[in-house]
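Protein chains get the first letters and strands the later ones, always in sequence-line order, with residue 1 at the start of each.
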Amino acid sequence: MSKDIRIKKGLNINLYGEAAQEVADAPKSKIFTINPPEFLGVTPKLLVKEGANVLAGEALFYNKDNDRMQFVSPVSGVVTEIVRGERRKVLSIMIEASTTISYKDFGTTDVKSASKETIIEKLLTSGAWAFFNQKPYEIIANPNETPRDIFISGFDSAPLAQDYAYTLKDDAKAIQRAVDALAKLTSGIVYLGVQAGIASVFDKIENVTRFKVSGVHPAGNVGVQINNVSPINKGERIWTIKPADLVIIGKVLSEGKFIANRTIALVGSEVKNPKYYKTMIGADLSQLIADNVSNDNVRIISGNALTGSNITDSKVLSYTDNTVTVLPEGNNYRFFGWMPWLTGNKRFSMSRTNLSFLMPKKKYVLDTNLNGEERALVVTGEMEKVIPMDIFPMQLIKAILVKDIDKMEALGIYEVAPEDFALVDFTNTSKLEAQDIVRYGLDIMVKEVG
Amino acid sequence: MGLRKILDNYKVHFEKGGKFEKFKPAFAGIDTFLFVPNHTTKRGAHIRDVIDLKRLMIIVVFALIPATLFGIWNIGNQHFSQLSGSDMSFMNLFLYGAMKFIPMVIVSYAVGLGIEFYYAIKRGHDVNEGYLVSGILIPLIMPVDLPLWMLAVAVVFAVIIGKEVFGGTGMNIMNPALLARAFAFFAYPSFMSGTKVWVAEGLHNDAISGETILGKLAEGHAVDKIYSTYDMFMGWIPGSVGETSVLMIGIGALMLLISGVASWRIIFSAILGGAFMAFVFNTFAVDGNQLMAMPWYQHLLVGGFAFGIVFMATDPVSAAQTTKGKWIYGFLIGVFAIMIRVFNAAYPEGVMLAILLLNVFAPTIDYFVVQSNIKSRKKRWENAKKA
């Protein structure tokens with residue numbers, strides 16, 4: 001047991017439409033879509049052409065900078081379309097699924113006796129490497145490096161996020177196998193953050209150093225946990241993996257198949273019966289959404305309301321997401337809508353300029369209105385209230401905006417991820433796009449420092 | 001809604017390619033004042049807090065209302081109480097004050113907002129809300145008889161030199177409202193200090209003595225017999241329009257603190273700093289210096305101290321930005337305000353100079369606070385390398 005951490009700075013945003021603990025099968029998707037730009041730090045090189053037959057787990061493209069790193073199809077079928085953008089950049093690859101899924105066999109791996117190289121090779125060719133995230137920079141991990149430690153956050157504290165204690169309750173074996181493999185990949189420790197007071201599958205996982213986390217969002221963010229347990233130093237690498245992805249990794253090792261199953265939480269105020277659905281990576285969710293959402297003026301988000309991506313048009317489940325949030329669009333005017341202390345269940349504020357601060361338990365139907373216009377930074381101290389890290393967030397953001405590399409480094413850019421600044425997006429008075437700015441800063445640092 | 005339709009009909013003329021394209025910022029300023037726009041999130045978090053700069057600024061304006069209403073009444077009160085046989089009814093005092101004060105407000109807003117709109121159009125950016133607050137603050141910290149043209153010149157100076165040359169709201173180094181006062185103070189000293197200006201018509205009517213408590217003390221006169229601590233707290237004393245009533249300022253401060261708009265750290269540490277300095281002076285008071293001997297709690301009640309620390313020192317743009325920095329910044333404002341007041345009889349209004357001074361030093365304070373974070377991070381890196 002490592003020392004436990006308690007997150008005091010942050011904010012829980014209570015939204016309507018939490019998933020009931022009930023799982024159903026989502027309508028079968030015919031077309032599956034993989035979007036290579038989702039894999040940050042990867043330059044995709046296609047391995048298939050339109051019309052090609054692929055098995056589930058067969059490579060669609062590889063990383064130009066490291067050709068062992070392959071990205072695979074979640075299903076078997078025919079590649080129907082490859083969408084390209086400017087300069088022939090591959091935007092998406094669409095696969096029409098066969099009626100029954102046939103898998104490419106990678107052969108089982110005995111994790112206990114296998115060498116580090118064998119495990120890495122297996123994960124790279126099977127597509128499971130796509131789930132390895134590297135800090136700093138929030139990009140796909142470089143398999144040629146050895147991380148100082150590997151961190152897993154066993155829970156998600158974002159608004160309406162999936163409850164892993166429920167969805168992963170039967171996956172202990174796969175998770176244990178994945179964790180055993182991870183232990184061979186680092187020279188340090190595999191850390192596992194678990195939610196204090198909540199029993200979950202992670203309580204029984206061995207071969208890890210567990211620590212308990214309590215407090216408000218972003219307590220579940222792995223970057224916040226790292227910063228509070230053992231912060232990243234310059235030149236170090238830390239790998240992180242999301243809990244649900246451990247199951248896919250574990251099954252690649254035990255069954256030799258890339259099984260792209262996902263249990264997603266369909267949540268949000270606009271969903272009729274928010275609950276869990278079984279589907280697959282890259283699935284087309286049109287039918288599921290049509291069955292569950294009657295309102296037209298909505299935003300469909302792959303992921304949570306703070307960090308997810310807008311999939312209103314495509315309705316495709318992103319590669320590593322396991323929550324789909326449906327919120328009302330806020331494209332309407334409000335007469336004197338800035339008047340303080342008028343409240344209702346559609347207005348929420350962390351500040352006390354709205355009466356919502358008197359009702360901390362109340363649930364809200366929040367829409368996508370910006371609630372004002374972008375302004376110069378005026379208010380100070382409000383970013384610090386939602387960043388539970390030893391970081392000066394506003395100073396870091398300003399350093400990024402002026403592209404001052406030394407300053408970014410000195411102020412701790414290696415320790416942050418865009419998702420850690422999601423609450424700054426939400427709460428800041430000037431409507432500053434903090435996540436975008438942090439991503440921009442990380443991209444600069446990858447190029448300049450690497 | 002009807003009004004929305006009317007605005008939408010006119011809006012097309014201000015969009016790109018429209019007849020009045022150039023004036024879009026001006027139109028948008030009015031449009032977004034009436035309606036929170038229908039803009040939705042395009043990047044980043046999909047949901048947003050309901051707070052914005054308009055909501056924030058309007059709370060400060062609300063918080064100024066008690067002090068403003070009291071100030072208007074007190075203009076009449078100070079004036080008529082010195083003329084024997086006057087009608088001292090509330091309505092008479094209030095109306096007299098309103099007739100004196102409202103033209104100042106109109107001039108302040110007209111000139112200030114005019115410049116803001118001009119720069120918004122010229123630079124093609126949105127009209128910022130900052131002047132909503134500055135516009136009322138400026139007349140509140142001026143003597144009531146300041147000629148309107150001087151007020152206008154002070155506003156021009158504050159908005160252009162204090163704010164726009166740095167890039168507008170959020171970029172300024174010093175508090176614009178205080179800069180307006182400092183400008184008037186040094187440019188027109190005969191209207192901004194002395195024994196005649198603090199009560200309406202004091203300059204023209206010999207029957208009226210418009211001296212403030214601090215002014216009297218600075219000249220070595222005791223005031224104990226004229227004004228009690230209670231008077232100082234309630235505010236029926238001569239002074240700048242909005243600064244006299246600590247009670248009314250306190251109500252405003254409460255609104256700012258409950259809503260979280262003002263930093264309690266700055267207010268609290270400034271009071272602490274002021275009390276500390278005044279207490280030190282009390283302890284070492286020399287004979288004949290009435291200001292040194294004035295009890296420390298009275299120091300906190302008179303002059304612009306309360307008004308300054310509640311409404312000016314807390315301006316987040318010109319204050320220190322880090323949490324530790326705010327403590328230091330506030331404390332030093334308190335210390336310097338009393339020190340300047342006591343030691344330099346020519347400037348009994350020390351709080352104005354203290355805040356402006358600390359505005360200039362706030363970035364330096366922040367620099368050292370942030371530097372300590374940077375140093376501890378680098379030290380951690382070194383330790384990690386060794387291990």
Requested in this report: Go through the side-chain N and O atoms of A:Asn371 and B:Asp49 and say whether any donor and acceptor fall under 3.5 Å apart.
Outcome: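 Short answer, no.
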
Query - Check: A:Arg299/B:Thr41 side-chain N/O donor and acceptor closer than 3.5 Å - result: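 On atom types as modelled, these side chains qualify, holding a pair under 3.5 Å.
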
For the pair [X] (side chain) and [Y] (backbone), establish whether a donor and an acceptor sit closer than 3.5 Å, ignoring hydrogens and angles.
| X | Y | value |
| --- | --- | --- |
| A:Trp338 | B:Val36 | no |
| A:Arg375 | B:Gly170 | no |
| A:Arg352 | B:Leu257 | yes |

What residue, out of [options], has the most heavy-atom pairs lying under 4.5 Å from chain B?
| options | value |
| --- | --- |
| A:Ala410, A:Gly337, A:Gly308, A:Gly381 | A:Ala410 |
| A:Asn331, A:Leu377, A:Val379 | A:Asn331 |
| A:Leu11, A:Thr353, A:Val424 | A:Thr353 |
| A:Glu329, A:Glu236, A:Arg334, A:Gln435 | A:Arg334 |
| A:Thr325, A:Asp390, A:Ile391 | A:Asp390 |
| A:Glu409, A:Glu415, A:Lys407 | A:Glu415 |

Non-hydrogen atoms of [X] and [Y] that approach each other most closely:
| X | Y | value |
| --- | --- | --- |
| B:His46 | A:Asn304 | CD2-O, 4.1 Å |
| A:Trp341 | B:Ser259 | CZ2-CB, 3.9 Å |
| B:Thr40 | A:Gly330 | CG2-C, 3.6 Å |

Using non-hydrogen atoms and a 4.5 Å limit, figure out which bit of [X] sits close to chain A: side chain, backbone, both or neither.
| X | result |
| --- | --- |
| B:Ile58 | side chain |
| B:Asp8 | side chain |
| B:Phe33 | both |
| B:Val317 | both |

Atom pair [atom1]/[atom2] of [X] and [Y] - distance to nearest 0.5 Å:
| X | Y | atom1 | atom2 | answer |
| --- | --- | --- | --- | --- |
| A:Asn310 | B:Arg43 | CG | CZ | 13.5 Å |
| B:Lys42 | A:Asp436 | NZ | CG | 13.5 Å |
| A:Thr368 | B:Arg48 | OG1 | CZ | 10.0 Å |
| A:Ile232 | B:Arg380 | CD1 | CZ | 8.5 Å |

When you compare the side chain of [Y] with that of [X], does any pair of heavy atoms fall below 4.5 Å?
| X | Y | result |
| --- | --- | --- |
| B:Asp52 | A:Leu370 | no |
| A:Gln395 | B:Gln321 | yes |
| A:Glu373 | B:Lys54 | yes |
| B:Arg377 | A:Tyr414 | no |

Whether over 12 other heavy atoms sit under 6.0 Å from [X] [atom1]:
| X | atom1 | answer |
| --- | --- | --- |
| B:Tyr118 | OH | no |
| B:Asn9 | CG | yes |
| B:Phe14 | CZ | yes |
| A:Glu384 | CD | yes |
| B:Phe268 | CZ | no |
| B:Phe368 | CZ | no |
| A:Lys315 | NZ | yes |

Region of [X] in contact with chain B, defined by heavy-atom distances below 4.5 Å:
| X | value |
| --- | --- |
| A:Leu327 | side chain |
| A:Thr427 | both |
| A:Asn332 | backbone |
| A:Ala305 | both |
| A:Pro418 | neither |
| A:Leu15 | side chain |
| A:Ile301 | side chain |

Taking every non-hydrogen pair under 4.5 Å, which of [options] racks up the most with chain A?
| options | value |
| --- | --- |
| B:Thr32, B:Leu34, B:Thr322 | B:Leu34 |
| B:Ile374, B:Ile47, B:Asn373 | B:Ile47 |
| B:Thr323, B:Asp126, B:Val261 | B:Asp126 |
| B:Thr169, B:Leu56, B:Ile258 | B:Ile258 |
| B:Glu129, B:Lys385, B:Met171, B:His125 | B:Glu129 |

Query raised in the report: Is it true that A:Phe336 and B:Phe35 have ring centroids separated by less than 6.0 Å?
Result: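 No, they do not, as the ring centres are separated by 6.0 Å or more.
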
Report task. List the steps, then state whether side-chain contact (heavy atoms from CB on, under 4.5 Å) holds for B:Val369 with A:Phe392. Result -> CA-CA 10 Å; B:Val369 174; A:Phe392 281 97; 3.8 Å; yes

Query - Residue pair A:Asn354, B:Arg55: steps toward the side-chain contact (heavy atoms from CB on, under 4.5 Å) verdict - result: CA-CA 9 Å; A:Asn354 192 50; B:Arg55 180 176 286 252; 3.6 Å; yes

Report task. Please report the C-alpha distance between A:Thr380 and B:Lys326 in whole Å, then the side-chain angles of each, then the deciding distance to 0.1 Å, and finally whether the side-chain contact (heavy atoms from CB on, under 4.5 Å) criterion is met. Result -> CA-CA 10 Å; A:Thr380 58; B:Lys326 282 173 184 162; 3.0 Å; yes

